[in-house]
**Student:** 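The structure under discussion is supplied below as structure tokens; questions concerning it will follow.
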Amino acid sequence: DQQVKQNSPSLSVQEGRISILNCDYTNSMFDYFLWYKKYPAEGPTFLISISSIKDKNEDGRFTVFLNKSAKHLSLHIVPSQPGDSAVYFCAASARYGGSQGNLIFGKGTKLSVKP
Amino acid sequence: GAVVSQHPSWVICKSGTSVKIECRSLDFQATTMFWYRQFPKQSLMLMATSNEGSKATYEQGVEKDKFLINHASLTLSTLTVTSAHPEDSSFYICSARARGPSYNEQFFGPGTRLTVL
């Protein structure tokens with residue numbers, strides 16, 4: 001039973017355009033969400049996060065939107081650059097409950113930004 | 001800041017041998033360390049969580065006698081794959097979490113590619 005879902009395994013975008021990566025979750029206890037970027041044979045690197053008390057968080061070219069009622073979040077990258085090509089993982093955690101704030105990851109979306 | 005290292009970065013071993021992977025937080029004290037496994041085209045799967053000085057908590061389906069975890073200090077955790085078999089070949093990644101405002105943030109190591117022949 002996947003609690004965090006990234007339904008698009010891949011996404012291809014032209015350089016300069018917007019990339020939109022989507023993530024859905026099922027556990028209403030999740031109150032903190034993160035996006036990680038991962039290159040092949042490397043560990044994930046933290047990109048941006050959002051708390052459930054917000055609906056938007058922006059950091060440079062990266063913006064994360066959270067729609068709690070739909071249990072949906074998205075990562076927008078604009079403008080997209082070839083160096084953004086990587087696998088993006090959505091992760092969620094619940095501060096309270098038995099999970100101790102552990103991160104639950106989606107399966108990832110491979111973003112390819114074409115020059 | 002917040003650098004996590006892993007050693008070795010890759011290892012090839014024969015079936016039946018044991019392999020130890022180290023995870024270190026280089027510039028902060030990690031009260032909690034996590035071990036993940038990633039198979040090709042799959043997500044990061046949490047194997048176990050370890051708090052310094054206490055026994056690791058294993059996720060369902062992960063054999064604790066096969067994957068031995070030691071978190072002896074606030075900067076070091078080790079994962080030992082005992083009696084490795086080809087199906088244990090995978091990419092193992094550790095992460096570390098510090099106490100404080102960034103409670104929910106985990107910092108990941110670069111991963112260790114294990115190949116069991």
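Naming convention: chains lettered A, B, ... in sequence-line order (proteins, then strands); numbering from 1 in each chain. Only a predicted model underlies this, so the values are computations on that prediction, with no experimental measurement involved.
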**Student:** Give a yes or no on whether the backbone of A:Q3 and the side-chain of A:N27 come within a donor-acceptor separation of less than 3.5 Å.
**Tutor:** no
**Student:** Would you say the ring centroid of A:F62 lies under 6.0 angstrom from that of A:H76?
**Tutor:** no
**Student:** Please tell me if the side chains of A:F33 and A:V4 come closer than 4.5 Å, counting only heavy atoms from C-beta onward.
**Tutor:** no
**Student:** Under a 4.5 Å heavy-atom cut-off, does chain B meet the side chain of A:K110, its backbone, both or neither?
**Tutor:** neither
**Student:** Please look at A:F105 and chain B and tell me whether the side chain, the backbone, both or neither of the residue comes under 4.5 angstrom of a heavy atom of that chain.
**Tutor:** both
**Student:** In terms of heavy-atom proximity below 4.5 Å to chain A, should B:Q38 be classed as side chain, backbone, both, or neither?
**Tutor:** side chain
**Student:** If we check ring pair (Phe, Tyr, Trp, His ring centres under 6.0 Å) with B:F108, which of these qualifies: B:F91, B:Y36, B:F34?
**Tutor:** B:Y36
**Student:** Is B:I93 close to chain A through its backbone or its side chain, or both, or neither, when contacts mean heavy atoms under 4.5 Å?
**Tutor:** side chain
**Student:** Check this for me: does any side-chain nitrogen of one of A:D84 and A:R61 sit under 4.0 Å from a carboxylate oxygen of the other?
**Tutor:** yes
**Student:** Highest number of heavy-atom pairs under 4.5 Å with chain B: which of A:A91, A:P9, A:G106, A:S51?
**Tutor:** A:G106
